[in-house]
Amino acid sequence: MKTEKQPPKDFWIDTMSISKATRVMLDNQEESIFAVKKELPKINSVVSAIYKKLRKNSSSRLIYAGAGTSARIAVQDAAELYPTFGWPKNRIDFMIAGGFEAIISSVEGAEDDIFLPQILAKKINLSKNDILIGVAASGNTPFTNACLIEASKRKSLTIAISNNQKGSMLNQADYNIILDTGYEIIAGSTRLKAATAQKICLNIISSMIMTKLGFVKNGLMTHFIVGNEKLKKRKRKILKLLYS
């Protein structure tokens, strides 16, 4: 896998000054943008498919699946849909290797568990009305792969997001997005460039879906949840911009 490759000698940040190393890291992160840009046609197709599914059935849910860093990126995207767009909490769910404990700490062996997805699918009542988005940098994570297989069995709409063009989970989904970010500046640390590309990709997908569903008007968050004084002021400002 490209993410596991050692970076070229000229890019070994442990041999550099802080100022040079941070510049190299930033330049390396820029490749995330290009990786997402190459997949925009596929991303557009995914947005359209998910939008149609959610609009057709008022009980359809967005379900995110992953392990390790990829799971944490997915959870962050999902968790922001309610406060930002007012998307119902009961229309979001998760299949996370190791459970929610794994979001803040490592759970050994969790990503290799191919039986837990069956248990989780039954627990959340995964069905043909749902959309499952599986995210894995390697594209080969056994847990995430099993989640997609289980979702396919249940006729859910399935999307696989991988940073490896040869990821096995790409064979399990209705739609594939390959974020080919290449080697990491710290070999194998997919919390860097691979995760950045995943975050950008999920941001675009979820934000466009919410926009198409009517939660954004004239570039403004019209349905966000008001939970403090700052947001009350923001709401008044938005209403003024929309109706004055």
Asks: State the CD-CZ distance between E229 and R234, to the nearest 0.5 angstrom.
Replies: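 One finds 13.5 Å between CD of E229 and CZ of R234.
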
Asks: Name all residues meeting the side chain to side chain donor-acceptor pair (under 3.5 Å) criterion together with K2; count only those two or more places apart in sequence or in a different chain, and write none if there are none.
Replies: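 Checked K2 against side chain to side chain donor-acceptor pair (under 3.5 Å); matches are D180.
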
Asks: Honestly curious: do I73 and I103 fall in one hydrophobic cluster under the side-chain, below-4.5 Å linking rule?
Replies: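 Yes, I73 connects to I103 through the hydrophobic network.
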
Asks: Between NZ of K53 and CD1 of I209, what distance do you get to the nearest 0.5 Å?
Replies: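 K53 atom NZ to I209 atom CD1 measures 13.0 Å (nearest 0.5 Å).
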
Asks: As a quick check of understanding, evaluate side chain to side chain contact (heavy atoms under 4.5 Å, CB included) for F215 and T84, giving each step before the final call.
Replies: CA-CA 9 Å; F215 298 112; T84 306; over 6 Å; no

Asks: Tell me, yes or no, whether the heavy-atom count around E80 atom CD, taken from other residues, nucleotides or ligands under 6.0 Å, exceeds 12.
Replies: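 Atom CD in E80 is packed in, count exceeds 12.
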
Asks: State which residues pass side chain to side chain donor-acceptor pair (under 3.5 Å) with D77; sequence neighbours excluded, sorted by chain then number.
Replies: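 Scan of D77 (side chain to side chain donor-acceptor pair (under 3.5 Å), adjacent residues dropped) gives Y64, S206.
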
Asks: Applying side chain to side chain contact (heavy atoms under 4.5 Å, CB included), run through F85 and F224 and close with a yes or a no.
Replies: CA-CA 5 Å; F85 303 106; F224 71 89; over 6 Å; no

Asks: Looking at CG of L62 and CD1 of I159, how far apart are the two atoms once the value is rounded to the nearest 0.5 Å?
Replies: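 Spacing of CG (L62) from CD1 (I159) equals 8.5 Å.
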
Asks: What is the distance from atom NZ of K52 to atom CG of L157, rounded to the nearest 0.5 Å?
Replies: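 Atom-to-atom, K52:NZ and L157:CG are 11.0 Å apart.
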
Asks: Could you report the tightest heavy-atom contact between K235 and T222, atom names first, then the distance?
Replies: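 Here K235 and T222 meet closest at NZ-O, 2.9 Å.
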
Asks: Measure across R72 and I104 and return the closest heavy-atom pair with its distance rounded to 0.1 Å.
Replies: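 Nearest pair, atom of R72 first, then I104: NE-N, 4.5 Å.
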
Asks: Evaluate the criterion salt bridge (Lys or Arg N to Asp or Glu O under 4.0 Å) for residue pair E150 and R154; output intermediate values, then yes/no.
Replies: CA-CA 6 Å; E150 190 63 29; R154 293 166 177 261; 3.1 Å; yes

Asks: How many angstroms lie between CG in L132 and CZ in F94, if you round to the nearest 0.5 Å?
Replies: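 The CZ atom of F94 is 11.5 Å from CG of L132, to the nearest 0.5 Å.
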
Asks: Please examine the side chains of I92 and R61, heavy atoms only from C-beta on, and report whether any two atoms are closer than 4.5 Å.
Replies: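 Not touching, per the 4.5 Å side-chain cut-off.
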
Asks: Mind checking whether I96 and F143 sit in one hydrophobic cluster, side chains of I, L, V, M, F, W, Y counted as touching below 4.5 Å?
Replies: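 No, I96 does not connect to F143 through the hydrophobic network.
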
Asks: Take I177 and V36 through the test side chain to side chain contact (heavy atoms under 4.5 Å, CB included) and record every step on the way to the result.
Replies: CA-CA 9 Å; I177 296 174; V36 176; over 6 Å; no

Asks: Is there a side chain to side chain contact (heavy atoms under 4.5 Å, CB included) between Y51 and L213 once you walk through the steps?
Replies: CA-CA 7 Å; Y51 163 66; L213 288 170; 3.7 Å; yes

Asks: Mind checking whether I63 and L120 sit in one hydrophobic cluster, side chains of I, L, V, M, F, W, Y counted as touching below 4.5 Å?
Replies: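 Yes, because I63 and L120 connect within a single hydrophobic cluster, where side-chain heavy atoms sit under 4.5 Å apart.
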
Asks: Does atom CG of L26 have more than 12 heavy-atom neighbours, drawn from other residues, nucleotides or ligands, at distances under 6.0 Å?
Replies: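 Correct, the count exceeds 12.
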
Asks: Any luck finding a side-chain donor-acceptor pair between S60 and D130 under 3.5 Å?
Replies: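 Side-chain D/A pair, S60 to D130: absent.
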
Asks: Is it the case that atom NZ in K212 sees more than 12 heavy atoms from other parts of the structure closer than 6.0 Å?
Replies: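 Check fails, neighbour count at 12 or below.
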
Asks: Examine K42 relative to Y175 and say whether NZ or CZ is less than 6.0 Å from the centre of the six-membered ring and inside a 45° cone about the ring axis.
Replies: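 No; the conditions do not both hold, so K42 does not lie above the ring face of Y175.
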
Asks: Are L40 and L202 connected in a single hydrophobic cluster, I mean Ile/Leu/Val/Met/Phe/Trp/Tyr linked by side-chain heavy atoms less than 4.5 Å apart?
Replies: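 Linked within one cluster.
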
Asks: When the side chains of residues 189-200 are checked against the rest of the protein, which donor-acceptor pairs come out under 3.5 Å, sequence neighbours left out?
Replies:
from : atom 1 : to   : atom 2 : distance (Å)
K193 : NZ     : E31  : OE1    : 2.9
K193 : NZ     : T181 : O      : 2.7
K193 : NZ     : Y183 : O      : 2.7
T196 : OG1    : Q29  : OE1    : 2.5
T196 : OG1    : L192 : O      : 3.1
Q198 : OE1    : S70  : OG     : 3.4
Q198 : NE2    : S70  : OG     : 3.2
Q198 : NE2    : N163 : OD1    : 2.9
K199 : NZ     : N203 : OD1    : 3.1

Asks: Give, for atom OG1 of T211 and atom CD1 of I204, the distance between the pair rounded to the nearest 0.5 Å.
Replies: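 With rounding to 0.5 Å, OG1 (T211) is 11.5 Å from CD1 (I204).
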
Asks: For S59 and N57, does a side-chain donor sit closer than 3.5 Å to a side-chain acceptor?
Replies: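 Their side chains do contain a donor-acceptor pair, which is all the 3.5 Å distance test asks for.
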
Asks: Determine whether the side chains of T158 and D174 contain a donor N or O and an acceptor N or O closer than 3.5 Å.
Replies: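 A pair is found: one side chain offers a donor N or O, the other an acceptor, under 3.5 Å apart.
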
Asks: Is there a path of hydrophobic side-chain contacts, each under 4.5 Å between heavy atoms, that joins M210 and I205?
Replies: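 Yes, it is one cluster - the side chains of M210 and I205 are joined through contacts under 4.5 Å.
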
Asks: Would one find more than 12 heavy atoms of other residues, nucleotides or ligands at under 6.0 Å from atom CZ of F100?
Replies: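 Yes, the 6.0 Å shell around CZ holds more than 12 heavy atoms from other groups.
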
